[in-house]
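This report concerns only the one structure given below.
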Amino acid sequence: MSEIALQVNFGLNIALLLMLVAIGLAIARTRSLLAAILLMGMYSLASAVWLIVMDAADVAFTEAVVGAGISTVVLLGAILLVRAGPVRHNWRMTIAPAVLVLGVGGLLVYAVTGLPEFGDPASPTNAHVGRSYLIQTSDEIGVPNVVTAVLASYRGFDTLGETVVVFAAGIGVALMLGFGPRSNLPRAPAATGDHHVVLRVTAKLLIPLIALFAFYVQFHGDLGAGGGFQAGVILAVAPILHALVFGLRGTIAALPVRAVRSVATMGVLLYSGVGVVCMINGGGFLDYDYLFPPSVEAMIPPGLMGEPYHAHHWGQHFGIFFIELGVLLTVAATMVTIFYGFAGRAAEEPGAST
Amino acid sequence: MLLAAGVAGLVVAMTMMIWRAIVGPSQYDRMLAANSLGTKIVLLIAVIGYLSGRPAFLDIAIVYALINFVTTIALMKFFRYRTLSRPLGPEAKDG
């Protein structure tokens, strides 16, 4: 990185962190739920840029799609369901929490003084296991993006846990709000007239593009930033946009609640199925080197991917491909289920928030 | 140098947007500020990508541009109809 880029990065770090502090204080101070949601969306936007400045592209991707996109929509659905207003506080009630927060915050600030220097090569994160991942990935896994190698292969078991957590969260929301709309959804008006014609056309144009981009992020995940989680959320944004513009009834006709629910299950099943196949072929759970028996691996043509002379790890490639597909299915279907739950309930009790 | 000046300009613009979002006074001001901040951030990510020699950051900028649009529609729908599930259009008689 050039000298000027380093200086700009330094200045951006300070500017963005100051913005985050300002937005955070504003969120704590505001008494309007809607303003808080808007400010939280802005907080996500700013923190994602900060993550990019720190060169954590995969994390920034996740923050961009989850923090700024889905969570704003879901929170809007949530404040439509609750009948909440500002509560007048007695200042005496805030003393104990304030002391607690200041105490914990002070301890954290004190702990910061013990952290290693920024970018210190000898710090524990850079020295031991992280270093060996960086050195060994190209030999053992053979994918360019080390983040994907760590996430999907070295720590595949952890990622399975995360996928199950996403799935369980979806089940939890569905148990509270229902897997989909419970009752009468508003029909599309018979004559739409010229209302929102620009929005309709733009949405029709954008929905396939969003889905296409999700698949790009999915299949490009072992080369650049991205992967199953990010792609799943982006894919879920496409039906959400459809529901926002054309109504939930039409979206559910296209993507039935039951189908979405089973897709979420199939993703987890696909992921753990890959692990079980590895076990059957004599390896450990999710040990992709054993995904194919040697006789099958010998049948794969050498020029299938990349240069034919380069040593390939077909088990690793296909293992990562399948588990990322499982993550995509589970995350996308869970997000859509959550959206169905929130939006469908709001339709049941119109005007609940007023 | 040109890119650095661009970053500085975008940071100034972002600061103004955040100021507007915090001060308000109406929710529409905040929504406009949030939407405009999203646009600035798309530009900022693109500029950072070229400044640090990582044009792949443009992927993230595209995601922002797409997601920001959906978020804005959700917010406007919230203001106009107070529900996320009904289709856009004139008020229908059924419920």
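Scope of the values below: all heavy atoms of this structure, side chains included, with no hydrogens, waters or symmetry mates. Note on naming: letters A, B, ... go to the chains in the order of the sequence lines (proteins, then strands), and numbering restarts at 1 for each one.
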Checklist entry - Can you tell if the side chain of B:Ile73 reaches within under 4.5 Å of the side chain of A:Val245, non-hydrogen atoms only? => result yes
Checklist entry - Is it the backbone or the side chain of A:Leu12 that comes under 4.5 Å from a heavy atom of chain B, or both, or neither? => result side chain
Item to check | Structural part of A:Ser44 lying under 4.5 Å from a heavy atom of chain B | outcome: backbone
Checklist entry - Is A:Thr202 close to B:Phe69 at the side-chain level, that is, under 4.5 Å between some pair of heavy atoms? => result yes
Checklist outcome for this item: Whatever's closer than 4.5 Å to a heavy atom in chain B on A:Leu45 counts as both
Item to check | Engaged part of A:Leu16 at the chain B interface, taking heavy atoms whose separation is under 4.5 Å | outcome: side chain
Show me, pair by pair, the donor-acceptor contacts under 3.5 angstrom made by side chains of residues 211-220 of chain A, not counting sequence neighbours?
{"unit_1": "A:Tyr216", "atom_1": "OH", "unit_2": "B:Asp59", "atom_2": "OD1", "d": "3.3"}
{"unit_1": "A:Tyr216", "atom_1": "OH", "unit_2": "B:Asp59", "atom_2": "OD2", "d": "2.8"}
{"unit_1": "A:Gln218", "atom_1": "NE2", "unit_2": "A:Glu324", "atom_2": "O", "d": "3.2"}

Let me check something: any side-chain donor-acceptor pairs from residues 224-244 of chain A under 3.5 Å, sequence neighbours excluded? List them with distances.
{"unit_1": "A:Gln230", "atom_1": "OE1", "unit_2": "A:Gly227", "atom_2": "N", "d": "3.4"}
{"unit_1": "A:Gln230", "atom_1": "NE2", "unit_2": "A:Asp58", "atom_2": "O", "d": "3.1"}
{"unit_1": "A:Gln230", "atom_1": "NE2", "unit_2": "A:Thr62", "atom_2": "OG1", "d": "3.1"}
{"unit_1": "A:His242", "atom_1": "ND1", "unit_2": "A:Thr251", "atom_2": "OG1", "d": "2.9"}

Checklist entry - Which residues in residues 2-11 of chain B have a heavy atom less than 4.5 Å from any heavy atom of chain A? => result B:Ala4, B:Val7, B:Val11
Item to check | Residue A:Leu76 versus chain B: region with a heavy atom under 4.5 Å | outcome: both
Next on the checklist: Would you say that A:Phe61 contacts A:Leu51 through its side chain, given a criterion of any heavy-atom pair below 4.5 Å between the two side chains?
Outcome noted: no
Checklist outcome for this item: Comparing A:Leu34, A:Ile210, A:Val49 against chain B, the one with the most heavy-atom pairs below 4.5 Å turns out to be A:Leu34
Next on the checklist: Counting heavy-atom pairs under 4.5 Å with chain B, which one of A:Val73, A:Ile52, A:Leu199 comes out on top?
Outcome noted: A:Ile52
Item to check | Pick from B:Ile62, B:Thr15, B:Asn68 with the largest number of heavy-atom pairs that fall under 4.5 Å of chain A | outcome: B:Ile62
Checklist entry - chain A: which of B:Val63, B:Ile45, B:Ile48 shares the most heavy-atom pairs with it under 4.5 Å? => result B:Val63
Checklist entry - chain B: which of A:Leu38, A:Ile37, A:Val8 shares the most heavy-atom pairs with it under 4.5 Å? => result A:Leu38
Checklist entry - Under a 4.5 Å heavy-atom cutoff, which of B:Ala34, B:Gly38, B:Gly49, B:Gly53 has the most pairs with chain A? => result B:Ala34
Checklist entry - For A:Ala46 and B:Ile41, which heavy atoms make the closest approach, and how far apart are they? => result N-CD1, 4.0 Å
Please list, one pair per line, the donor and acceptor atoms closer than 3.5 Å that link side chains of residues 17-27 of chain B to other protein atoms, with sequence neighbours excluded.
{"unit_1": "B:Arg20", "atom_1": "NH1", "unit_2": "B:Gly24", "atom_2": "O", "d": "2.9"}
{"unit_1": "B:Ser26", "atom_1": "OG", "unit_2": "B:Tyr28", "atom_2": "N", "d": "3.3"}
{"unit_1": "B:Ser26", "atom_1": "OG", "unit_2": "B:Asp29", "atom_2": "N", "d": "3.3"}
{"unit_1": "B:Ser26", "atom_1": "OG", "unit_2": "B:Asp29", "atom_2": "OD2", "d": "3.3"}
{"unit_1": "B:Gln27", "atom_1": "OE1", "unit_2": "B:Arg30", "atom_2": "NH1", "d": "3.2"}
{"unit_1": "B:Gln27", "atom_1": "NE2", "unit_2": "A:Ser32", "atom_2": "OG", "d": "2.8"}

Item to check | Which atom of B:Ile60 lies closest to which atom of A:Ala60, heavy atoms considered | outcome: CD1-CB, 4.4 Å
Checklist entry - Heavy-atom distance under 4.5 Å to chain A: side chain of B:Phe79, backbone, both or neither? => result side chain
Checklist entry - How close do A:Phe342 and A:Gly77 get, heavy atom to heavy atom, and via which atoms? => result CD2-C, 3.9 Å
Next on the checklist: Whether the side chain of A:Thr30 engages the backbone of A:Ala26 through a donor-acceptor N/O pair (distance < 3.5 Å, no angle test) should be reported.
Outcome noted: no
Next on the checklist: Looking at every non-hydrogen atom in both residues, tell me the closest pair between A:Ala48 and A:Ala64 and how far apart they are.
Outcome noted: CB-N, 4.3 Å
Checklist entry - Taking atom CE of B:Met31 as the centre, does the number of heavy atoms from other residues, nucleotides or ligands within less than 6.0 Å exceed 12? => result yes
